[in-house]
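Throughout, a chain's letter reflects where its sequence line sits, starting with A, and its residues are numbered from 1. As the structure is a prediction and not an experimental result, all values here were calculated from the model.
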Amino acid sequence: MLPLQADVATPTTPRATHKIAMSVARGAALSVSLDEPSLLAGIKSLLSDSSLLKSIHDYKLAIHALESSGLKLAGVRHDPMLYSYLVNPTYSSHTLADAALRQFNVKLSGTLPEAADITRQLASALRGEIEELGLAKVYEEIDLPLVPVLARMEHAGVKIDRKVLAAMSTRLQREIDAKAKEIYECCAMEFNINSPKQLGDVLFNKLGLPKPVKYGKGKTISTAVDVLEALAEDHQVAKLVLEYRQLAKLKSTYVDALPALLSPTTGRLHTTFGQTGTATGRLSSTNPNLQNIPIRTELGREIRAAFIAEAGHVLLAADYSQIELRLLAHFSKDPLLVEAYRRGDDVHTLTASQVFGVPPLMVTPDHRRQAKVVNFGIVYGLSPFGLSQNLGIETGQARDFINAYFEKYKGVRAFIDQTLEQARRDQKVKTLFGRVRPIPDINSKNANLRGFAERTAVNTPLQGTAADLIKIAMIRIDAELQERRLKSRMTLQVHDELVFEVPEKEVDTMRTLVREQMENVHPLNVPLLVEIGVGPNWRDLE
DNA sequence: CTGGAAAGCGCC
DNA sequence: AAAGGGCGCTTTCCAG
């Protein structure tokens with residue numbers, strides 16, 4: 001059997017190309033031969049058939065049929081969608097029409113010959129830019145080989161315990177109704193609590209609660225969580241609204257939404273991973289988004305418990321521990337930070353000890369909590385104001401903390417300064433592997449825009465490098481699973497976490513395999529630590 | 001009736 | 001005046 005290979009892929013989503021090419025190969029949907037023009041035509045006509053394009057299940061079956069019959073997909077060589085994304089990941093769309101509009105300033109009419117023609121022209125032009133920008137390796141070794149890996153993950157899907165969610169739905173509805181009743185009584189009137197406009201009117205005009213200093217950007221008074229939290233101590237109604245919001249959010253977004261998306265044929269949940277949707281190189285997840293399943297609150301964790309493994313299997317979740325802070329240590333080579341990670345010390349405790357000037361053994365849990373906010377805040381460019389809001393302290397004190405941080409971590413200060421200097425010079429920043437993000441506003445005279453640009457410039461190399469590392473790990477783990485004919489399946493990626501569904505007999509093998517691949521993904525100045533949990537569901541992991 | 005903006009909030 | 005990087009989904013509300 002010859003591997004199927006297409007030279008140029010018509011952009012829709014990159015994986016749609018693989019998936020559809022597989023459908024074509026299988027002859028399930030179209031009877032075309034595998035020479036390239038026919039393949040392109042077949043792909044295009046599939047794309048124009050919305051019923052096929054929307055029926056994700058069809059190509060998932062195709063993948064399955066293809067792989068179970070021993071066919072291997074060699075894939076495409078030139079994918080204009082991925083090219084367009086790598087050349088400038090800040091555009092929101094990389095479809096054929098939008099990429100062609102940007103590249104050639106042409107509006108497409110949508111005919112097949114035109115699409116084929118433009119596809120080839122785009123591939124050629126963008127390939128040139130990829131090489132000029134030094135992105136060929138990122139394309140060949142990361143984004144392109146990731147495509148079939150993501151296709152397999154989407155095809156595998158995750159198992160959901162419907163009964164858990166159904167029971168929760170009934171219970172939550174009852175609690176929401178009760179909570180609404182309490183709120184109405186408290187306010188002596190009925191209104192739509194889900195409407196921030198009506199809620200703000202009732203709370204701040206009718207009931208006369210103190211209006212937040214921070215008004216919303218627009219005309220309405222903000223009823224955001226931090227505003228209500230500030231009021232909750234003195235005003236029961238604010239607390240009730242917060243509780244109502246939490247119940248309503250979890251019920252509508254997860255408890256009721258997820259079961260409706262279960263595949264009728266596989267009975268499982270199949271997300272779509274977006275490979276061209278973020279400015280930093282991260283993946284996204286839609287339909288449903290499985291990268292924002294609750295975990296923070298007890299109620300949220302109940303939802304996580306509904307993500308289960310097939311009989312005879314367990315879930316294995318592997319997390320990179322503090323990967324962005326470790327990358328900050330790597331890039332900055334800051335001696336304190338690097339040595340701490342090399343020794344395996346607790347970095348939040350170290351920061352607490354440095355910033356608050358106490359010996360590590362004297363660091364209290366509250367010190368550590370505050371230091372944790374400082375550590376992560378640095379990565380995001382947190383201001384004294386932001387830190388003060390977050391910790392509930394004076395801005396002056398927050399400023400002292402931040403100054404103390406940079407006084408101790410001199411390498412971090414230098415890293416930030418160098419990164420900004422380089423961004424101002426090149427109007428772009430790069431990850432460790434050379435993935436590029438333009439930072440056009442870095443020299444803007446508008447201080448607001450410039451501030452955003454500066455925070456972006458510092459954060460992107462960290463967030464983007466973490467994204468590159470886990471993508472490489474995924475490609476290698478997938479290769480191992482295939483090569484060794486293991487039955488375990490990679491099912492989810494949540495930025496710094498991978499989730500697998502593993503036959504009980506393979507647990508030990510997988511623990512070792514996943515840890516090895518993730519920890520040794522690339523040599524850095526600090527070790528990478530992977531935390532692995534195994535259990536019957538996504539909540540109860542040990 | 002549909003589409004999109006705005007507000008809000010779930011995750012890393 | 002704003003004040004923390006990156007996402008996607010739900011709801012409300014309003015314009016066309």
Integer angstrom distance from the [atom1] of [N] to that of [M]:
| N | M | atom1 | answer |
| --- | --- | --- | --- |
| dA2(C) | dA7(B) | P | 12 Å |
| dA5(B) | dG4(C) | P | 25 Å |
| dA1(C) | dG8(B) | C1' | 22 Å |

- N-O pairing of D334(A) and K410(A) below 4.0 Å: no

- Is R171(A) salt-bridged to E302(A), cutoff N-O under 4.0 Å? yes

- Partner nucleotide, any strand, of dG3(B) [Watson-Crick/G-U, under 3.5 Å]: dC14(C)

- Partner of dA2(C) by Watson-Crick or G-U wobble geometry, both contacts under 3.5 Å, or none? none

How many whole angstroms separate atom [atom1] of [X] from atom [atom2] of [N]?
| X | N | atom1 | atom2 | result |
| --- | --- | --- | --- | --- |
| L299(A) | dC11(B) | CG | P | 11 Å |
| Q493(A) | dC11(B) | CD | P | 17 Å |
| L250(A) | dG8(B) | CG | P | 18 Å |
| L247(A) | dC9(B) | CG | P | 13 Å |
| D319(A) | dC12(B) | CG | C1' | 10 Å |
| L199(A) | dC9(B) | CG | C1' | 14 Å |
| Y244(A) | dC9(B) | OH | C1' | 15 Å |
| K251(A) | dG10(B) | NZ | P | 16 Å |

- Can you check whether T395(A) has a side-chain N or O nearer than 4.0 Å to OP1 or OP2 of dA3(C)? no

- Please state whether the phosphate of dC14(C), meaning OP1 or OP2, lies under 4.0 angstrom from any side-chain nitrogen or oxygen of K197(A). yes

- Query: Under 6.0 Å between ring centres, would you say that holds for F376(A) and H348(A)?
  - Reply: yes

- Between K471(A) and the options D143(A), D496(A), D478(A), the salt bridge (charged side-chain N to carboxylate O under 4.0 Å, His left out) test singles out D143(A)

- Note on the structure: A correct 5'-to-3' footprint of nucleotides 4-11 of chain C, with B, S and - meaning base, sugar-phosphate only and no protein heavy atom under 4.0 Å, is BBBSBSSS

- Item | Donor-acceptor pair, side chain of R435(A) and main chain of D468(A), under 3.5 angstrom | no

- Task: Could you verify whether a donor N or O on one side chain and an acceptor N or O on the other, from D98(A) and T95(A), lie under 3.5 Å apart?
- Result: yes

- Item | Any donor-acceptor N or O pair under 3.5 Å, side chains E407(A), Q354(A) | no

- Message: Within the 4.0 Å heavy-atom criterion, would you say T223(A) contacts the bases, only the backbone, or no part of the nucleic acid?
- Response: sugar-phosphate

- Among dC9(B), dC13(C), dC11(B), the one nearest any side-chain atom of V225(A) is dC9(B)

- Go through dC13(C), dC12(B), dG8(B) for me and flag the one nearest to the Q198(A) side chain. dC13(C)

- Note on the structure: With sequence neighbours left out, the residues meeting ring-ring contact (aromatic ring centres under 6.0 Å, His included) with F356(A) are H367(A), F401(A)

